[in-house]
*Asks:* 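One structure is given below, represented as structure tokens, and several questions about it will come after.
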Amino acid sequence: MTAGTTIRHPGPVALVTGATSGIGREGALWLAREGFHVLAAGRHAARGAEVVEAISAEGGTSEFVAFDVTAEAEWARVMADVASRFARLDALVNSAGIFLARPLSETSLADFRRLWETDVESVFLGTKWGLRTMRETGSSGSIVNLSSLAGLIGLEDCAAYCAAKAAVTHLSKVAAIEGAAFDPPVRVNSLNPGVILTEMITGAYGAGPEVEAFVKAGNALDMVGEARHVAAAIVFLATPRSRMVTGTVHVVDGGRGVD
Ligand SMILES: NC(=O)c1ccc[n+]([C@@H]2O[C@H](COP(=O)([O-])OP(=O)(O)OC[C@H]3O[C@@H](n4cnc5c(N)ncnc54)[C@H](O)[C@@H]3O)[C@@H](O)[C@H]2O)c1
């Protein structure tokens, strides 16, 4: 993104973090299909270029925005740029995150803090700067925070991750109250997928039939959760289709969390 260059995009504008892989990448593609100009945020320029190319190949518009979501100065810089170039921010999808599968008794404080910084502090910062930017630009925006089923139920050996995702879900509810009072209102929802076959899962558990079986295990629909299943919910929550929906916990888990 080049500071100071005003872009006149006829449609809405979305910023998606974690957009170079998995759920964020798929969400970026789906939002572009909906007519959003997508700011695809990530840390890897080559992967960002691939996402921009994939969106362009489908006739959409996007650009890669390089930043680390844990740094507040970078949120401030990116949002100032969004406000000056587009004068609107219609959707913010906070999808960047990391996972840790480790027994609590074996989790170091450094591991816990690293997870908290990436999964909670980044969503706090994104929601804060998203609310401010949407209010200041008069945007009737929507913020979608990627939490997890792990933020609602305890998953074995995932205490740090579960705690972080519970914080994201709860922070989103309180942010929804704040955003509802804006004129125009800004909506904030928590999106809580079950197990979705992305690099987050293959990085932790490997790939292959056993991992696919793990992804389906306990899933009432007996489906392998894929990023596109979550992207459909991102589109719903990010667009005015859900204009009556805020402060909710939107679960996409194939029924895994149903007891
Ligand atoms: N895959 C699942 O089973 C699952 C289930 C529930 C919730 N989620 C959540 O969905 C979100 C997306 O996960 P995914 O499955 O697409 O995983 P993924 O690993 O494919 O994507 C996560 C992205 O976040 C980026 N990222 C990590 N730290 C960052 C930082 N400091 N700054 C900028 N970018 C950073 C990574 O580079 C990566 O592109 C995460 O918040 C995750 O916790 C995933």
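Every heavy atom of this structure was used, including side-chain atoms; hydrogens, water molecules and symmetry mates were not. Numbering of ligands and ligand atoms starts at 1, following listing order.
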*Asks:* So is Gly225 close enough to ligand 1, meaning a heavy atom under 4.0 angstrom away?
*Replies:*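 Heavy atoms of Gly225 never come under 4.0 Å of ligand 1.
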
*Asks:* As a quick check of understanding, evaluate salt bridge (Lys or Arg N to Asp or Glu O under 4.0 Å) for Glu199 and Arg47, giving each step before the final call.
*Replies:* CA-CA 13 Å; Glu199 287 174 36; Arg47 296 188 67 154; 2.6 Å; yes

*Asks:* Relative to the heavy atoms of Thr198, which atoms of ligand 1 are at a distance of less than 4.0 Å?
*Replies:* 1 (N), 14 (P), 15 (O), 17 (O)

*Asks:* Quick one: nearest non-hydrogen protein atom to atom 32 (N) of ligand 1, plus distance?
*Replies:* Val69 N, 3.1 Å

*Asks:* Nearest heavy atom to atom 24 (O) of ligand 1: which of Gly97, Gly48, Ala66, Ser21 does it belong to?
*Replies:* Gly97

*Asks:* Which heavy atom of the protein is the closest neighbour of atom 16 (O) of ligand 1, given with residue, atom name and distance?
*Replies:* Ile23 N, 2.7 Å

*Asks:* Could you tell me the residue and atom name of the protein heavy atom closest to atom 13 (O) of ligand 1, and the distance to it rounded to 0.1 Å?
*Replies:*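 Nearest neighbour among protein heavy atoms for atom 13 (O) of ligand 1, to 0.1 Å: Met200 CE, 3.8 Å.
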
*Asks:* What heavy-atom pair brings Thr169 and Ser147 nearest, and what distance separates the two atoms?
*Replies:* OG1-OG, 2.7 Å

*Asks:* For the NZ atom of Lys173 and the CG atom of Asn145, what is their distance to the nearest 0.5 Å?
*Replies:* 13.0 Å

*Asks:* When you check the side-chain N and O atoms of Thr61 and His37, is any donor under 3.5 Å from an acceptor?
*Replies:*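 Yes.
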
*Asks:* Under a 3.5 Å threshold, yes or no: a donor from one side chain and an acceptor from the other, between Trp30 and Glu34?
*Replies:*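 Distance-only check fails for Trp30 and Glu34.
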
*Asks:* Can you check salt bridge (Lys or Arg N to Asp or Glu O under 4.0 Å) on Arg135 and Glu178, steps first, answer last?
*Replies:* CA-CA 11 Å; Arg135 182 178 58 196; Glu178 186 171 333; 5.2 Å; no

*Asks:* Does this structure show an ion pair linking Arg113 with Asp111, if we count only N-O contacts that are shorter than 4.0 Å?
*Replies:*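 Between Asp111 and Arg113 there is no salt bridge, as every charged N stays at least 4.0 Å from the carboxylate O atoms.
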
*Asks:* Quick check on contacts: which atoms of ligand 1 are under 4.0 angstrom from a heavy atom of Gly22?
*Replies:*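 So the atoms of ligand 1 that pass are 16 (O), 20 (O).
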
*Asks:* Does an N or O from Leu149, backbone or side chain, lie closer than 3.5 Å to an N or O of ligand 1?
*Replies:* no

*Asks:* Taking non-hydrogen atoms only, is Ala41 closer than 4.0 angstrom to ligand 1 via side chain, backbone, both or neither?
*Replies:*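 Neither part.
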
*Asks:* If every non-hydrogen atom of Met79 is compared with every non-hydrogen atom of Thr133, which pair is closest and at what distance?
*Replies:* CB-OG1, 3.3 Å

*Asks:* Below 3.5 angstrom, do we get any N/O pair linking Asp68 and ligand 1?
*Replies:*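 Yes - when backbone and side-chain N and O of Asp68 are compared with those of ligand 1, one distance drops under 3.5 Å.
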
*Asks:* Work out whether the distance between some heavy atom of Glu117 and some atom of ligand 1 is less than 4.0 Å.
*Replies:*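 Flag not set, Glu117 not near ligand 1.
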
*Asks:* What residue and atom, counting heavy atoms only, is the protein's closest point to atom 12 (C) of ligand 1, and at what distance?
*Replies:* Ser95 O, 3.1 Å

*Asks:* May I ask you to list the atoms of ligand 1 that are less than 4.0 angstrom from any heavy atom of Val195?
*Replies:*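 Here the atoms of ligand 1 in question are 3 (O).
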
*Asks:* Side chains of Asp90 and Ser142 only: does a donor on one sit below 3.5 Å from an acceptor on the other?
*Replies:* no

*Asks:* Name the closest protein heavy atom to atom 7 (C) of ligand 1, giving the residue it belongs to and the distance to 0.1 Å.
*Replies:* Ser147 O, 3.0 Å

*Asks:* Tell me whether the rings of Tyr161 and Phe99 are parallel (<30°), tilted (30 to 60°) or perpendicular (>60°).
*Replies:*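 Correct class here is perpendicular.
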
*Asks:* Under a heavy-atom criterion of less than 4.0 Å, does Gly42 contact ligand 1?
*Replies:*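 Flag not set, Gly42 not near ligand 1.
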
*Asks:* Scan residues 15-25 for pairs that pass salt bridge (Lys or Arg N to Asp or Glu O under 4.0 Å), counting only residues two or more places apart or in two chains.
*Replies:* Arg25-Glu50

*Asks:* Distance under 4.0 Å to a non-hydrogen atom of Ile201: what atoms of ligand 1 satisfy this?
*Replies:*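 This gives 1 (N), 3 (O) as the contact atoms.
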
*Asks:* Under 4.0 Å between a Lys/Arg side-chain N and an Asp/Glu carboxylate O for Arg114 and Glu121?
*Replies:*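 No, Arg114 and Glu121 are not salt-bridged.
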
*Asks:* Could you tell me, atom by atom, which parts of ligand 1 come under 4.0 Å of a heavy atom of Gly194?
*Replies:* 3 (O), 4 (C), 5 (C), 6 (C)

*Asks:* Within ligand 1, which atoms have a heavy atom of Thr20 less than 4.0 Å away?
*Replies:*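 Near Thr20, meaning under 4.0 Å from one of its heavy atoms, ligand 1 has 39 (O).
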
*Asks:* Pick one of side chain, backbone, both or neither for how Phe67 approaches ligand 1, counting any non-hydrogen atom pair under 4.0 Å.
*Replies:* backbone

*Asks:* Taking 4.0 angstrom as the limit and counting only heavy atoms of Thr118, give me the atoms of ligand 1 inside it, by number and element.
*Replies:* 28 (N)

*Asks:* Heavy-atom contacts under 4.0 Å between Ile196 and ligand 1: side chain, backbone, both, or neither?
*Replies:* both

*Asks:* How far is atom 43 (O) of ligand 1 from its nearest protein heavy atom, and which residue and atom name does that atom have?
*Replies:*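 Nearest protein contact, heavy atoms only, for atom 43 (O) of ligand 1 is Tyr161 OH, 2.6 Å.
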
*Asks:* Please compare Arg114, Arg43, Glu226, His44 and report which has the shortest non-hydrogen distance to atom 26 (N) of ligand 1.
*Replies:* Arg43

*Asks:* Answer with side chain, backbone, both or neither: which part of Arg47 has a heavy atom less than 4.0 angstrom from an atom of ligand 1?
*Replies:*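 Looking at Arg47 and ligand 1, no heavy atom falls under 4.0 Å.
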
*Asks:* Can you sort out which atoms of ligand 1 are near Thr70, meaning under 4.0 Å from one of its heavy atoms?
*Replies:* 31 (N)

*Asks:* Over 60° means perpendicular and under 30° means parallel, so tell me whether Trp75 and Phe67 are parallel, tilted or perpendicular.
*Replies:*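 The arrangement is perpendicular - the two ring planes meet at more than 60°.
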
*Asks:* Lys128: what forms a salt bridge (charged side-chain N to carboxylate O under 4.0 Å, His left out) with it, not counting sequence neighbours?
*Replies:*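 Per chain and number, Lys128 pairs via salt bridge (charged side-chain N to carboxylate O under 4.0 Å, His left out) with Glu72.
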
*Asks:* Judged by atom type as modelled, is there a donor-acceptor pair below 3.5 Å linking the side chain of Asn94 to the main-chain atoms of Gly126?
*Replies:* no

